[in-house]
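One structure is given here, and the rest of the page talks about it.
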Amino acid sequence: MFQIKAKDGKGRVGVLKTKHGDVKTPALMPVIHPRKQALDVAKYGAEIVITNAYLIYKDNKLKQKAIDEGLHKLINFNGPIMTDSGSFQLSVYGDVEITNKEVIEFQELIKTDIGTSLDIPTAPFVEREKAEKDLEITLQRAREAVNYKKEQNMEMLLNSVVQGSTFLDLRRECAKELSSLDADLYPIGAVVPLMESYHYKDLVDVVMNTMKELSDTRPRHLMGAGHPMIFALCVAMGCDLFDSAAYILYAEDDRLLSTRGTFKLENLQEMPCSCEICTKYTPDDLRAMPKEKRRDLIAQHNLHVSFAELRLIRQAIYDGNLMELVEERCRAHPALLEAQRQLANYTMDLEKYEPRSKKSAFFYTGAESLSRCEIQRHMQKLREMPKKTNLIILPPTRKPYSKFTSGKLGEFYTYGSNNEINIEDSDFMVLDIPFGLIPLEIDEVYPLSQNDAPKTYDVDSIEFLEDYLYEFSEYYDEILIHSRIVKKLELENCNKYDFEIRYKKDDVKKIKAIADYQFGNGAGEALFTGNINIEKSKKTGKIRHVYDGKTLIVNMRASDSYLILSKEGAKRLHKAFNYPKNRVVVNEDSEPFALDGKSVFCKFVVECDENIRSNDEVLIVNKQDKLLAYGKSLLGACEIKQFNTGQAIKTRKGMKK
Ligand code: GUN
Ligand code: ZN
């Protein structure tokens with residue numbers, strides 16, 4: 001019932017399938033009041049709406065009509081409808097006149113598409129004891145609902161709401177417990193107070209901790225989130241659905257939503273966007289209108305900006321630049337900037353979902369970009385890389401750096417003795433923002449060339465580079481730093497180095513370094529033995545193919561300089577490392593298919609290297625580690641393990657003769 005079409009980090013574009021049609025996600029579900037809805041939200045872009053089953057249940061007239069004619073007729077909406085259970089009323093009035101079982105039964109009876117059990121929304125920052133007690137009831141009702149649905153063979157999809165207040169371990173525990181149930185969608189509840197009070201930093205903690213344990217196979221819904229200002233951030237954390245009455249509540253209060261925040265009509269000299277309303281009316285026109293008409297027009301604007309933002313987010317996911325959009329949006333309010341900074345604490349959670357290569361470049365948009373997982377991942381790789389005795393640090397040139405670096409390299413400074421160092425026993429790296437140190441051999445590998453940052457450094461960037469230098473100087477006997485860096489970073493207490501430094505390109509070193517960076521230390525030596533023969537593009541001069549004699553070992557992809565294995569390359573890589581490194585292990589049934597070069601489906605994978613990320617080149621083996629095939633992973637390791645449907649690996653070739 002949920003298919004993922006495109007991903008960027010934890011953000012995804014998906015399709016939610018219901019009895020009343022498909023919904024493109026991320027989606028916003030406008031809240032429809034069962035009694036007093038004036039606006040036709042479908043006209044303004046809503047594919048799915050949410051309404052409250054409890055309000056219908058409590059009103060005898062509505063209840064009878066819903067039972068007789070169905071929910072869709074009642075609220076006059078033909079698309080998918082989600083219903084809430086009365087939990088919100090429970091949290092406000094302390095009590096509701098319905099049981100969990102009754103509300104589940106009622107929602108099925110009126111033919112909702114997605115029903116909700118009667119969870120207990122526990123407010124943020126309550127006493128732990130209360131949060132625990134509430135959670136126990138929420139979990140028990142979720143179990144009851146799932147069992148009841150199964151028992152009664154219900155058609156509706158079922159929400160199981162994650163609670164736990166602001167206790168992050170309770171959020172994780174709840175998410176884990178609910179994920180083990182067979183619910184269809186996972187809303188994250190009781191976050192409205194956090195959003196209303198601009199506690200976005202705490203929202204990040206709650207959502208990211210919940211996400212640690214929620215299945216990636218199901219849609220996740222941030223309940224009550226309706227301000228377009230936070231959509232991008234929440235999608236980047238993994239949310240697929242939003243619902244809100246904000247569009248109408250704000251309109252009733254003469255407030256206009258925008259991705260830059262909220263505008264009060266009384267302060268507006270100019271209309272804030274180019275929707276139908278904003279181009280047709282002036283603020284004075286609106287102010288002069290009767291209240292109700294004005295409310296509906298502002299609500300229309302509010303819906304427009306919300307749906308426009310979701311379109312932009314989905315496009316950013318397709319383009320692979322969702323994080324750049326998040327960074328832009330989080331400049332709208334200091335509380336959002338703080339939230340984005342808080343997200344840096346979850347970088348390694350996000351890293352699991354980040355492909356090592358994608359088609360869009362990495363843009364530095366400010367100091368917060370330095371916390372992004374691509375940078376942390378590169379730094380970690382560098383730490384693990386085998387190192388020569390000395391390090392020679394070069395200033396950035398145009399990219400790719402290696403193309404514009406050769407021969408005599410100018411003036412250098414040293415912190416150590418002024419003896420001539422052995423150049424052969426030195427690593428050459430460029431120091432630049434945002435990726436810190438970049439070994440010249442691998443500078444064309446994504447994203448080390450495929451990025452952009454201002455040439456003038458901000459103070460955070462300078463500090464970042466200083467820290468980087470400081471850490472890596474520990475790993476070498478001597479470091480030599482180019483005079484331009486010494487000047488730019490205002491480094492002190494270093495001495496001029498009196499000898500000449502030259503850089504000579506070496507293609508064999510380069511392909512070995514790339515192989516090590518891509519597959520692990522030692523891959524280069526294992527892959528490139530024998531009579532190595534490197535073929536380059538006549539047009540660009542870039543390495544294209546590497547042979548041992550006449551046998552192809554790898555191709556190098558022009559766009560990101562990653563290596564694509566040949567049959568021989570796969571065999572050599574397989575020999576180089578032990579199970580399960582670089583491997584996806586499939587079950588017996590799928591062995592003949594893999595050997596034959598057929599793609600591997602998630603349900604056939606029994607194990608895989610946890611370092612696999614989507615787009616990685618991988619080996620396909622059986623449980624005895626026999627090499628069956630090789631191909632390109634379409635998912636990260638954590639996703640392969642969770643999914644039961646769909647392709648995991650696009651096989652390039654099977655090993656069958
Ligand atoms: N709407 C907003 N927050 C919540 C919540 O925590 N639970 C339910 N059921 N509905 C909500
Ligand atoms: Zn507008």
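Whatever order the structure lists them in is the order used to number ligands and atoms, beginning at 1.
For a threshold of 3.5 Å applied to N or O pairs, the pair formed by S117 and ligand 1 contains no separation below that value.
A salt bridge is absent between E639 and K352; no separation between the charged side-chain nitrogens and carboxylate oxygens falls under 4.0 Å.
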Please test D119 against S87 for side-chain hydrogen bond (donor to acceptor under 3.5 Å, both in side chains), starting from the C-alpha separation and ending with a verdict. CA-CA 6 Å; D119 58 299; S87 292; 2.8 Å; yes
Please test S369 against E327 for side-chain hydrogen bond (donor to acceptor under 3.5 Å, both in side chains), starting from the C-alpha separation and ending with a verdict. CA-CA 8 Å; S369 302; E327 293 180 347; 3.0 Å; yes
Are Q647 and C602 close enough, and set up right, to give a side-chain contact (heavy atoms from CB on, under 4.5 Å), and what steps lead you there? CA-CA 6 Å; Q647 275 186 27; C602 289; over 6 Å; no
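Taking every non-hydrogen atom of A190 and a distance limit under 4.0 Å, the qualifying atoms of ligand 1 come out as 3 (N), 5 (C), 6 (O). Those atoms of ligand 1 that come under 4.0 Å of a heavy atom in Q163, given as number and element, are 5 (C), 6 (O), 7 (N). In summary, the atoms of ligand 1 found under 4.0 Å from a heavy atom of G189, numbered by their order in the structure, are 5 (C), 6 (O).
For H301, the N/O/S atom at the shortest distance from the Zn ion (ligand 2) is named ND1.
Geometric assessment of R329 against the ring of F231 yields a negative cation-pi assignment under the 6.0 Å and 45° thresholds.
H199 has its ring centre less than 6.0 Å from the ring centre of F125.
When rounded to 10 degrees, the angle formed at the Zn ion (ligand 2) by SG (C275) and SG (C273) equals 110°.
For atom 1 (N) of ligand 1, the nearest non-hydrogen atom of the protein is D84 OD2, 3.7 Å. Of all protein heavy atoms, the one closest to atom 2 (C) of ligand 1 is M223 CB, 3.9 Å.
With distances taken over non-hydrogen atoms, the option nearest atom 7 (N) of ligand 1 out of V161, D119, I120 is D119.
For the atom pair CD (E610) and NZ (K641), the distance works out to 5.5 Å, reported to the nearest 0.5 Å.
Within the coordination shell of the Zn ion (ligand 2), defined by N, O or S atoms under 2.8 Å, C278 is present.
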